[in-house]
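Proteins come first, then strands; the chains are lettered A, B, ... in the order of their sequence lines, and each starts at number 1.
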Amino acid sequence: MSFLELAGIQKSFGPVQVVHDFDMTIEKGEFVSFLGPSGCGKTTVLRMIAGFETPSGGTIKINGKNQESLKPNQRNIGMVFQAYALFPNMTVHDNVAFGLKIAGMNKAAVDARVKEMLGLIHLGHLADRFPYQMSGGQQQRVALARALAPKPQVLLLDEPLSALDAKIRVSLREEIRMIQQQLGITTVFVTHDQEEALSISDRIVVMNSGRADQIGTPFDIYNKPATRFVASFVGTLNLIEATVVDPASNRISIGDQAITLREPLGPVKAGDTVSLALRPEAGSIAESAKGDTALTGQVVSSNFLGSVIRTRMKVGDPVISFDMFNAPGLSPPAVGDVVTLRFTASDLLIIRE
Amino acid sequence: MKTQKIGAWIAVLFGASYFIIPLIATFEFSLRMRRGEYSFDAYRSVFSDVQFRESFSYSIVMAILTIVFGILLVVPTAYWVRLRLPQMRPFVEFITLMPLVIPAIVIVFGYLRLYNSSSFIPFTGSARGTDLLLMFSFMTLSLPYMYRSVDTAMRTIDVATLTEAAQSLGASWPTIMFKCIFPNVMSGVLSGAFITFAIVIGEFTMPSLLNRPAFGPYLQLIGANRAYEPPALAIIAFAITWASMALLQLVSRFSKSAPSKP
Amino acid sequence: MSAKQAIDLKKTAIDWLGILPFLLFAVMFLIAPTLYLVTGAFLNPAGEFTFDNISGLFTDKILASYWISIRVSLASSLGGAFIGFFLAWAVVLGGLPSWIRSSLLTFSGVASNFAGVPLAFAFLATLGRTGLVTLLLRDWFGINLYATGFNLLSFIGLTITYMYFQIPLMVLIITPALDGLKKEWREAAEILGATNTQYWLKVALPILFPSILGTTLLLFANSFGAIATAYSLTGSTFNIVPIQLYAQIRGDVLHNPNLGYALALGMIVITGISNLIYIWLRMRAERWQK
Ligand SMILES: Nc1ncnc2c1ncn2[C@@H]1O[C@H](COP(=O)(O)OP(=O)(O)OP(=O)(O)O)[C@@H](O)[C@H]1O
Ligand SMILES: [Mg+2]
């Protein structure tokens, strides 16, 4: 049986419905990310789990227990907020000890647990600091320790990294994942950063204006996007308009170059337009590149992005981007060059919505 | 949540009654002058009183002088401290807050001893001299409010950049002061001016001890000798305070919505 | 080298020249008068050093006037702070419509400046012997206010009157502090298991404490130096220190000018102490504030 169940959750603020029919089950010890653009309702769902908002419909169960009648302070949930919500009048030690003291633990046990938690986030030496004396990253680690100290059943994190700079963000998200796996705590992590979600989650829920568009492992979400929204929101994607040449043999043409798709085209007739998706990393222009399909075009731009070089080429009207890995001996294509991109036909996905 | 809201309403209702009942009572009392019916006789009596008009105009003139000289003292000082003597800011701020710590009556007591007719600066030796001293004492009283409003307004503009820009265009110091700085801190200056006005009009202690015919001592005198005029005067004084504060709000709202151009 | 020094010197001189008018004003109208009184308190009429004036304060009459002043100021500042805090709480966190908040703040701006003589008139018209509330209590509820021992010209009457400007002052100063309480603090406390009461006792009040106590001290100093209201309410019958000092300035009722200086010094010391406590609190609060 799953540990955290959300069934048919609805939420309206006045006349505006911001969450529609949200269904999801999360296993014990699983790390699930809610991924979606700003305003899509991620925080709202999280706050309903925590009990800060009351769902307009549907049920939330934790460990088989309906949470409806429970106030936030009765749910035994840990939460980390976007803005560092540490209590400014307490030291790091007292912040972490807060939940434990509220629970009525004796002083020796509190001190031991605080020490253990501070050890976990490697901040034992800062126990006597006040929040304002610490960096954002350190504060957020303390917030994590504070949330975990009372051994909550579920950990909720609402964009805990978004106020930090890029380097810290990467190291802290890995730290969070490590601690989560170490403790085996069921975790919901809200983010609008797809890389973050892809790198640390067991499963991802991609949300789009109050609905869960797709739920799946990072691998599935990235490689088999179920909707156009998911495809375009997760990762960079070429969306290519193609013309149907012969539905029976799956022949289509992109900028007058005809190719054959692996996937059946379905009920279309010659002359129709279909949308295709291709990841920039799916093809290569190297002479040695393998692939059953090729498109030739003229380079319109070439950008050096560090580990990859992203090149855009024009194939008739459509423009297609592709990535090549950086290597010291590489000579990147120049604007105006004519290149041939080779890839496997099965990488070309048909987008139906 | 429910009980919280009920508690909030109770607090607000209690506060509202505390504030409003005395106003209603005062107004009601001021209408009682004619026996058996309500009338505005008390107001008529107040407005026809020569002493009222004289003391009121005296206080208004004093208020205006206080505001003008207060501005001339505070704006350049606040500007200079921000521009050239930032290390002096705590000290200057401390001085400007002193009138909140030392009671007005103590300050004026010092004046009376220090500047009496036999001292080497005999302010109180003549009526004009006393008026001057009274103006300075009003400036002292309003210093905390004036300095604060001006300094707050100055924080929002970049004094140093503004000055350098003006200097690079060849502006002289008076031009910088009056053409660049003043217009930009106008909202603060006006806020300070209205508070000063409210303070000066009602102030009793200083003019009373300096024996000048201001509005405050006049109010006290009427209070000791008449029955129905005092509440009428209280209503008038409240209206004046209200008007000053309304203008102040208007100014601060206006300056927030339309920041002045540099 | 020396030319550069000369320029530096000149620059410094100009820098100081800029605030010379202000310094002159401060010395003439704030520092010198205060110092004059402070030194005068330690001199006898012949100009010799003495503690006689200070010990002269310790007579029953003068001590009593300090005591009543302190009591009125304490009561009106504590009462004003308490009620003002609840009013501010009601409009910031009580979930009331927003027009109530803006009306209360506007009104507080006016009422906190409505002090002095007119305030005394207003309360005489309200709670005086023929005041509206006194009459209504008599006619509608059969309560004879003055028979219960109440008197506007007394400790309780003066306290109630002073609170008319103390409450709004508290509202004005404490509202921004309440606004500064972050929603996340409450939610973080709640999700960690705290009840509303625990949140207030362990998080909100400790955070607000310096502002609350600081404002209370400000209110204390504010009413301690006030004279106009009390004077026109009670004439010179009610012996708070400022009235005592007022009478001394007008007519040397203590028959010793230097004792008057000591009286003034006493006032400075008391308001000074309350301000020192305020500054100390601020510094303590800065341990966890930026
Ligand atoms: N208390 C509220 N009252 C009214 N509308 C609200 C309230 N809280 C959220 N909303 C609306 O609900 C929608 C979803 O908000 P939510 O905060 O869940 O978005 P989000 O996905 O967390 O976005 P972000 O990434 O910007 O944090 C938004 O359109 C928001 O305006
Ligand atoms: Mg959010």
> Contact part of Leu219(B) toward chain C, heavy-atom cut-off under 4.5 Å: side chain, backbone, both or neither?
Replying inline: both

> In Å, rounded to the nearest 0.5 Å, how long is the span from CZ of Phe194(B) to OG of Ser142(B)?
Replying inline: 14.0 Å

> For atom OH of Tyr43(B), is the number of surrounding heavy atoms from other residues, nucleotides or ligands below 6.0 Å larger than 12?
Replying inline: yes

> Do you know which of Ala125(C), Gly225(C), Ser103(C) has the most heavy-atom pairs with chain B at a distance under 4.5 angstrom?
Replying inline: Ala125(C)

>> With a 4.5 angstrom heavy-atom cut-off, is it the side chain or the backbone of Phe27(B) that approaches chain C, or both, or neither?
In response: neither

> For Val108(B), is it the side chain, the backbone, both or neither that has a heavy atom under 4.5 Å from a heavy atom of chain C?
Replying inline: neither

> Among Ile19(C), Leu23(C), Leu233(C), who wins on heavy-atom pairs under 4.5 Å with chain B?
Replying inline: Ile19(C)

>> Could you report the tightest heavy-atom contact between Pro103(B) and Thr271(C), atom names first, then the distance?
In response: CD-OG1, 4.1 Å

> CZ of Arg32(B) to CG of Leu132(C): how many Å apart, nearest 0.5 Å?
Replying inline: 6.0 Å

>> Is Met139(B) in contact with chain C via its backbone, its side chain, both, or neither, using a 4.5 Å heavy-atom distance?
In response: both

>> Using a 4.5 angstrom heavy-atom cutoff, name the option from Leu265(C), Leu136(C), Ile160(C) with the most pairs to chain B.
In response: Ile160(C)

> Given a strict heavy-atom distance threshold of 4.5 Å, which part of Ala237(B) is in contact with chain C: side chain, backbone, both, or neither?
Replying inline: both

>> Within the 3.5 Å criterion, strictly below it, is a donor on Thr163(B) or Tyr79(B) matched to an acceptor on the partner's side chain?
In response: yes

> Does any heavy atom of chain C fall under 4.5 Å from the side chain of Ser208(B), the backbone, both, or neither of them?
Replying inline: both

> Does the ring centre of Phe204(B) sit less than 6.0 Å away from the ring centre of Phe215(B)?
Replying inline: no

> So which residues of residues 84-91 of chain C are in contact with chain B at a heavy-atom cut-off of under 4.5 Å?
Replying inline: Phe86(C), Leu87(C), Trp89(C), Ala90(C), Val91(C)

> Can you tell me how far CD1 of Ile100(C) sits from CG of Leu13(B), rounded to the nearest 0.5 angstrom?
Replying inline: 8.0 Å

> Is it the side chain or the backbone of Pro76(B) that comes within 4.5 Å of chain C heavy atoms, both, or neither?
Replying inline: neither

> So what's closer than 4.5 Å to chain C heavy atoms on Glu28(B): side chain, backbone, both or neither?
Replying inline: side chain

> Considering only heavy atoms, which portion of Val117(C) lies under 4.5 Å from any heavy atom of chain B: side chain, backbone, both, or neither?
Replying inline: side chain

>> Quick check for you: among Ile21(B), Ile107(B), Leu114(B), which has the greatest number of heavy-atom pairs under 4.5 Å with chain C?
In response: Leu114(B)

> So what's closer than 4.5 Å to chain C heavy atoms on Phe14(B): side chain, backbone, both or neither?
Replying inline: side chain

> Which one, Trp16(C), Phe25(C), Phe123(C), leads in non-hydrogen pairs under 4.5 Å with chain B?
Replying inline: Phe25(C)

> Is chain C contacted by the side chain of Leu143(B), its backbone, both, or neither, given a heavy-atom distance below 4.5 Å?
Replying inline: side chain

>> Tell me which of these, Thr96(B), Thr241(B), Val101(B), has more heavy-atom pairs under 4.5 Å with chain C than the rest.
In response: Val101(B)

> Considering all heavy atoms of both residues, which atom of Ser76(C) and which atom of Tyr162(C) are nearest to each other, and what is their separation?
Replying inline: CB-CB, 3.7 Å

>> In terms of relative ring orientation, are Tyr164(C) and Phe19(B) parallel, tilted or perpendicular, with 30° and 60° separating the classes?
In response: perpendicular

> Taking Thr134(C) for the side chain and Thr130(C) for the main chain, is one N or O donor matched with an acceptor at less than 3.5 Å?
Replying inline: no

>> Measuring centre to centre across the rings, with the benzene-like ring taken for any Trp, is Phe165(C) within less than 6.0 Å of Phe114(C)?
In response: no

> Relative to each other, are the rings of Phe238(B) and Trp242(B) parallel, tilted or perpendicular (30° and 60° limits)?
Replying inline: tilted

> In terms of heavy-atom pairs under 4.5 Å with chain B, which of Tyr36(C), Phe22(C), Phe29(C) leads?
Replying inline: Phe29(C)

> Where does Tyr261(C) contact chain B at under 4.5 Å (heavy atoms): side chain, backbone, both or neither?
Replying inline: both

> What class does the angle between the rings of Tyr115(B) and Tyr111(B) fall in, given that below 30° is parallel, 30 to 60° is tilted and above 60° is perpendicular?
Replying inline: tilted

> So which part of Leu221(B) gets closer than 4.5 Å to some heavy atom of chain C, the side chain, the backbone, both or neither?
Replying inline: neither

>> Can you tell me how far apart CZ (Phe136(B)) and CG (Leu73(B)) are? Round to the nearest 0.5 Å.
In response: 9.0 Å

> Which bit of Leu112(B) is near chain C, if near means a heavy-atom gap under 4.5 Å: side chain, backbone, both or neither?
Replying inline: side chain

>> Rounded to the nearest 0.5 Å, what separates atom CD1 in Ile227(C) from atom CG in Leu245(C)?
In response: 7.5 Å

> Can you tell which of Ala226(C), Ala228(C), Ser232(C), Pro242(C) has the highest number of heavy-atom pairs within less than 4.5 Å of chain B?
Replying inline: Ala228(C)

> Picking from Leu233(B), Val81(B), Val92(B), Leu100(B), which has the most non-hydrogen pairs under 4.5 angstrom with chain C?
Replying inline: Val92(B)

> Do you know which of Ile222(B), Thr205(B), Asn211(B), Leu85(B) has the most heavy-atom pairs under 4.5 Å to chain C?
Replying inline: Leu85(B)

>> To check you understand the geometry: which heavy-atom pair defines the closest contact between Phe109(B) and Ala264(C), and what is its length?
In response: CD2-CB, 4.1 Å

>> If we define contacts as heavy-atom pairs under 4.5 Å, which of Ile102(B), Leu209(B), Ile236(B) has the most with chain C?
In response: Leu209(B)

> chain B heavy atoms under 4.5 Å from Leu104(C): which part of the residue, side chain, backbone, both or neither?
Replying inline: side chain

> So does Phe82(C) have more than 12 non-hydrogen atoms from other groups sitting under 6.0 Å from CZ?
Replying inline: no

> Between Ser30(B) and Ala42(B), what is the shortest heavy-atom contact and its length?
Replying inline: O-CB, 3.3 Å

> What option among Ile199(B), Ile24(B), Thr77(B) has the most heavy-atom pairs under 4.5 Å with chain C?
Replying inline: Thr77(B)

> Counting heavy atoms not belonging to Tyr145(B), are there more than 12 under 6.0 Å from its OH?
Replying inline: no

